[in-house]
Amino acid sequence: NPQETLSASVYRNIITIAQLLGEWVWMEDFINNFRQAVGEDTYIFNLARLRFLQKRYTQTVELLQNRQDRFGDVLMLLAAKSLQLKALYELFMLDTDGVSDYDDALETFIASFIALLQRRKKELLHHYVYYLNLTQKVRQLLTQQLSGRVKPRFLLALEQSVQKTTEIAEKAWLLEKIAAAKTTTR
């Protein structure tokens, strides 16, 4: 019943199952129908997650922008930050003409994400390392792509480094982006 309270974890789990089944329409209906049953943060995060899965990256960023420090749950905050990082990276890669300054937005976002991690290091415990590694590896990949000459040896070394790193968030996504960079030049 959408009028009753629903725990954020149950809401997320139902959405994850819909995601795994590829039920995008049902997932969106559920997210919207049960909006009142969960807090605004949970609703916004899951809607942003759906928009990312739909490759609607601009909407993903817009939903998460200026909200992140409102996420009371530290794990949701980190998940939202990493989702925004991924969306900005995807926008950067889609902007082949360099018209929209997504490179600057992405560099600024990475710096602010790292600053947040450092400010809240004690509170984040072991999560700190996972997200710091993610931001550092994305920064390395971005720097290589912005140089204008993506070096295959560098990408291979980065890929091996990510594969060996056990403490890294969004590992599968990052390996996918490195593999894509090996086959395309920006």
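In this structure, CG on L124 lies 7.5 Å from CG on L77, to the nearest 0.5 angstrom. To the nearest 0.5 Å, the span separating OH on Y57 from CG on L88 amounts to 12.0 Å. The CD atom of E40 sits 9.5 Å away from atom CG of L47, with the distance rounded to the nearest 0.5 Å. Put simply, CG on L174 and NZ on K137 are 8.5 Å apart, with the number rounded to the nearest 0.5 Å. A distance of 7.0 Å separates CG in L134 from CH2 in W173, rounded to the nearest 0.5 Å. With values rounded to the nearest 0.5 angstrom, W24 atom CH2 is found 14.0 Å from D29 atom CG.
L106 is listed as a side-chain neighbour of L85, based on a closest heavy-atom distance under 4.5 Å. Looking at F109 and K81, their side chains come closer than 4.5 Å, going by heavy atoms from C-beta outward. Considering only heavy atoms from C-beta on, R51 comes within 4.5 Å of E28 through its side chain. The shortest side-chain heavy-atom distance between Q59 and Q54 does not fall under the 4.5 Å cut-off. Side chains of T16 and R49 form a contact here, defined as non-hydrogen atoms less than 4.5 Å apart. In this structure, the side chains of D104 and F92 stay at 4.5 Å or more apart for every pair of heavy atoms. Residues H126 and Y128 are not in side-chain contact: their nearest non-hydrogen atoms beyond the backbone lie 4.5 Å or more apart. Residues E170 and V138 have side chains not in contact (no heavy-atom distance under 4.5 Å, counting atoms from C-beta outward).
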Practice item. Evaluate the criterion side chain to side chain contact (heavy atoms under 4.5 Å, CB included) for residue pair Q144 and L158; output intermediate values, then yes/no. Key: CA-CA 10 Å; Q144 184 69 195; L158 182 60; over 6 Å; no
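Scanning all heavy atoms of the two residues, the minimum distance from L83 to A48 falls at CD2-C, 3.8 Å.
Taking the centre of each ring, Y43 and Y11 stay at or above the 6.0 Å mark.
Linking Ile, Leu, Val, Met, Phe, Trp and Tyr whenever their side-chain heavy atoms come within less than 4.5 Å puts V10 and M27 in one cluster.
Both tests do not hold together for K177 against Y89: distance to the six-membered ring centre under 6.0 Å, angle to the ring axis within 45°.
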